There are 2 protein chains.
Amino acid sequence: MPVKHIPDIVVGRLPQYLRSLQRMALEGRQVTSSQELGERLGISAAQIRKDLSQFGGFGKQGTGYDISFLIRQLRTILNIDHDWDVAVVGAGGIGSAVARYHGFTDRGFNVRLIFDSDPEKVGTQVGEHTVQDYAQMAEIIEQAGVHIAMIAVPSADAQDVADKLVKAGVKAILNYAPISLNVPPGVYVQYIDPSIHLQRMTYYLSR
Amino acid sequence: MPVKHIPDIVVGRLPQYLRSLQRMALEGRQVTSSQELGERLGISAAQIRKDLSQFGGFGKQGTGYDISFLIRQLRTILNIDHDWDVAVVGAGGIGSAVARYHGFTDRGFNVRLIFDSDPEKVGTQVGEHTVQDYAQMAEIIEQAGVHIAMIAVPSADAQDVADKLVKAGVKAILNYAPISLNVPPGVYVQYIDPSIHLQRMTYYLSR
DNA sequence: TAGATTGTTAATCGATTAACAATC
DNA sequence: TAGATTGTTAATCGATTAACAATC
């Protein structure tokens, strides 16, 4: 497989392809085409073919793509052919909801740990998990070999949490706090901030 | 103000500028520069100047940008100089967390309504809100003149909810269900799917 | 075979960056 | 004034699309 430099914007589309394909598989479908996939996602067929062909020829001329084969290929490319353990930091509303959420399981992730610094919360149950003390976080995460974490703490604490996570060996952070994080090279951060998405839409709305 | 066609990618950066500026204001800062803003966000100074200048000359040569002035301008551009009422559909983990979240208030949004179809949940309290019956949703939303909604229901129900919302006059949907929605032109959808963000990072991780 | 759809190239389109005159 | 930083232009860079030969 010719591993060139894949543009980040292409990498960002692969999970979308995967999600649609998994949905099709769930619907009992066997085969799809770049055109059909494109219609579902609002992406041009040419773009989907070009993106996929960067990683190899996964389709058949005249036929299209075998859905379960393509799912397997994408899972391998995205490094989710085996599940990742995930830690959640913050057992407030968002952190608890995310820790209880069952939608990660078939997408390559398993929440294993949840931490909070509030003594009232430490020891309580969130879904299947027991909230552990933030003071022990670094040690526990390092010991468990967890490399992915979600931050769901107040903005004021988010950078400190990120620093601790990085020291503990975390390489990927999904940040629910509405603030930009500084991390060293080799550590990846993604952001979820609903207000940003809403503001992106209100631009187009009139009153 | 010369209103050209602004590329969507530019519109998508404006909320990020606004968020950083609001944070700077909170820190007591008065003035900033395209360079400083760029460093905080990982965006080039030239790009920030170019983006902002699409809407007018907001800065002063030699000085930079007045933070609170630029905040006001951006809020006007993004249509959040007045708050928007928001409805939440689904009072499960995510829906409840979002409805209780206080972080929307100073970003231009107020959650006013929350709905669920589960009779066990209807009538219960979620933060300051009473869960209302999904069966009355369309009527209540239309009556209240709410134009923005968040969908936090199982994937299987999300499209039906979206259809009902559109009929009730909703123009902007933030969808937490991991599925693509079909909506008519003039209705905007944004997606929040943590798995997609995580997969985007695992591509770069090795085991 | 005939029809369909891929993989890939070349052309187009759009976004980012570099550079600098204007000016506070 | 001298130093700093904007707004804007032109050049570069990269991404998307159109088109079609290859082929299932």
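The sequence lines fix the lettering, A, B, ..., with proteins before strands; numbering per chain opens at 1. Side-chain atoms are counted along with the backbone in the values below, which use heavy atoms only and exclude waters and symmetry mates. This structure is a prediction, so every number in the text was calculated from the model and none was measured.
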Pairing partner (Watson-Crick or G-U wobble, both distances under 3.5 angstrom) of D:dT17: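 The answer is C:dA10, by the H-bond criterion.
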D:dT23 - base-pair partner by Watson-Crick or wobble geometry, distances under 3.5 Å: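 Here D:dT23 is engaged in a pair, and the nucleotide opposite it is C:dA4.
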Verify the contact: side-chain N or O of [X] to OP1 or OP2 of [N], cut-off strictly under 4.0 Å; return yes or no.
X       : N      : answer
B:Gln61 : C:dA22 : no
A:Tyr65 : D:dC24 : no
B:Thr63 : C:dC24 : no
A:Arg49 : C:dT6  : yes
B:Ser33 : D:dT5  : no

Starting from [atom2] on [N], measure out to [atom1] on [X] and report it in whole angstrom.
X       : N      : atom1 : atom2 : result
B:Asp66 : D:dT6  : CG    : P     : 13 Å
A:Leu37 : C:dT5  : CG    : C1'   : 14 Å
A:Ile48 : C:dT6  : CD1   : P     : 9 Å
A:Leu52 : C:dG7  : CG    : P     : 8 Å
B:Gln54 : D:dT6  : CD    : P     : 16 Å
B:Leu41 : C:dT16 : CG    : P     : 14 Å
B:Gln47 : C:dG14 : CD    : P     : 17 Å
A:Asp8  : C:dT16 : CG    : C1'   : 16 Å

Polar contact flag, side-chain donor to acceptor under 3.5 angstrom, A:Asp51-A:Gln47: no
Side-chain donor-acceptor pair present, B:Ser180, A:Arg40, cut-off under 3.5 Å: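 No - no donor-acceptor pair under 3.5 Å links their side chains.
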Aromatic ring pairing B:Tyr204/A:Tyr188, orientation class (parallel under 30°, perpendicular over 60°, tilted between): parallel
Atom of A:Tyr101, atom of A:Phe104 and distance for their closest heavy-atom approach: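 In this case the closest contact between A:Tyr101 and A:Phe104 is CD2-CE1, 3.5 Å.
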Pairwise 5' ranking along DNA chain D for B:Gln35 and B:Lys50, keeping only the more 5' one: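 Nearest nucleotide further toward 5': that of B:Gln35.
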Minimum-distance nucleotide (side-chain atoms of A:Lys60 versus C:dG7, D:dG7, D:dC24): D:dC24
Sugar-phosphate, base or nothing in reach of B:Ile9, heavy atoms under 4.0 Å: sugar-phosphate
Residue pair A:Val11, B:Tyr203: steps toward the side chain to side chain contact (heavy atoms under 4.5 Å, CB included) verdict: CA-CA 7 Å; A:Val11 174; B:Tyr203 173 83; 3.6 Å; yes
